[in-house]
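Structure first, then comments.
If you read the sequence from its start, that first residue is 1, and numbering goes on from there.
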Amino acid sequence: MQLGTLRPSPLVEQAAQRLREQIAAGHWPVGGKLPGETTLARELGVGRSTVREALRALAGAGLVRPRHGAGVFVIATEPAEDWPARLRRATVTDVYEVRVGVEVQAARLAAHRRTPDDVEALRTALEGRRTAAAGDDPGFVDADIALHAAVVAAAHNPVLADLFTEFVPVLREGLVALLDLTRLREENPGTGDDSHAALVRAITDGDAEEAATTLLTELESTLALLRETH
């Protein structure tokens with residue numbers, strides 16, 4: 001099998017793409033061993049260092065894995081999908097189900113770990129949500145998410161914070177669509193104000209179980225609406 005020589009630049013990207021195409025086409029099956037660097041370099045018309053970098057790129061994409069002393073083996077025919085890409089592909093209901101677990105635990109931790117600055121941030125975010133009730137749905141959703149972000153921040157757990165940040169784009173899109181579909185804010189522009197106020201109060205008072213229960217009830221009510229509309 002001849003791979004065909006490459007154009008001058010950018011050689012590493014071209015080499016990686018050519019090898020990726022051959023793997024996807026099944027020329028080297030999963031579990032199979034790739035030719036050595038010297039052979040690949042000759043067929044591609046590049047140096048061994050270029051082939052080495054291309055193979056590193058394929059390993060980073062989850063397509064190949066080097067085995068010390070044995071060579072480089074194919075482990076997949078499609079690149080591994082990163083977490084943000086998987087979230088973008090997920091339904092808002094699936095993401096929301098995970099959000100419930102993440103945020104309820106964050107609320108519980110926040111009640112134990114909140115600082116005076118956290119309490120101030122929560123109260124400011126609550127007022128921001130109330131102010132946004134006079135505006136449009138996207139603005140209200142942004143203010144709502146900002147309050148929930150303040151709860152997660154008060155938990156002082158960077159992993160929970162990172163997870164929540166990854167959820168935000170999917171959540172925002174889904175919640176704006178939900179409000180548009182259900183018209184929840186036509187009769188009650190600040191929908192959920194009582195429960196959010198109770199959440200802030202519970203965290204401020206250091207009542208972990210009340211904070212967790214309040215947030216769980218709020219999130220599950222929204223989740224039920226999402227399930228009905230999707």
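- For CD of Glu173, the number of neighbouring non-hydrogen atoms (other residues, nucleotides, ligands) closer than 6.0 Å is 12 at most.
- When Leu63, Val74, Leu55, Val64 are each tested for a side chain to side chain contact (heavy atoms under 4.5 Å, CB included) with Leu19, only one passes: Leu55.
- Between the side chain of Thr182 and the backbone N or O of Leu178 there is at least one donor-acceptor pair closer than 3.5 Å.
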Inset, instruction - Please lay out, stage by stage, how Arg65 and Val72 fare under the test side-chain contact (heavy atoms from CB on, under 4.5 Å). - result: CA-CA 6 Å; Arg65 179 179 297 153; Val72 179; over 6 Å; no
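- Ion pair Asp117/Arg114 not flagged as a salt bridge, since none of the NZ, NE, NH1 or NH2 atoms sits closer than 4.0 Å to an Asp/Glu carboxylate oxygen.
- Ion pairing between a basic and an acidic side chain is recognised when a charged N comes within 4.0 Å of a carboxylate O; Glu120 and Arg123 show no such pairing.
- Geometrically, Arg67 engages Phe73 in a cation-pi contact, judged by NZ or CZ lying under 6.0 Å from the ring centre and within 45° of the ring axis.
- One distance of note links CG of Asp136 with CZ of Phe140; it measures 11.0 Å at 0.5 Å rounding.
- For the pair Glu103 and Leu219, the tightest heavy-atom approach, listed with the atom from each and the gap, is CB-CD1, 3.9 Å.
- With rounding to the nearest 0.5 Å, the separation of CG in Leu175 from CG in Asp137 is 10.5 Å.
- Hydrophobic cluster membership is shared by Leu184 and Val176, with clusters built from Ile, Leu, Val, Met, Phe, Trp and Tyr side chains linked at under 4.5 angstrom.
- Between the side chains of Asp162 and Thr165, no donor-acceptor pair of N or O atoms lies under 3.5 Å.
- A side-chain donor from one of Glu21 and Gln17 sits under 3.5 Å from a side-chain acceptor of the other.
- Side chains of Glu210 and Thr214: a donor-acceptor N/O pair is present below 3.5 angstrom, by distance only.
- To the nearest 0.5 Å, the span separating CD on Gln14 from CG on Leu11 amounts to 6.0 Å.
- With hydrophobic clusters built from ILVMFWY side chains whose heavy atoms lie under 4.5 angstrom apart, Val92 shares a cluster with Val168.
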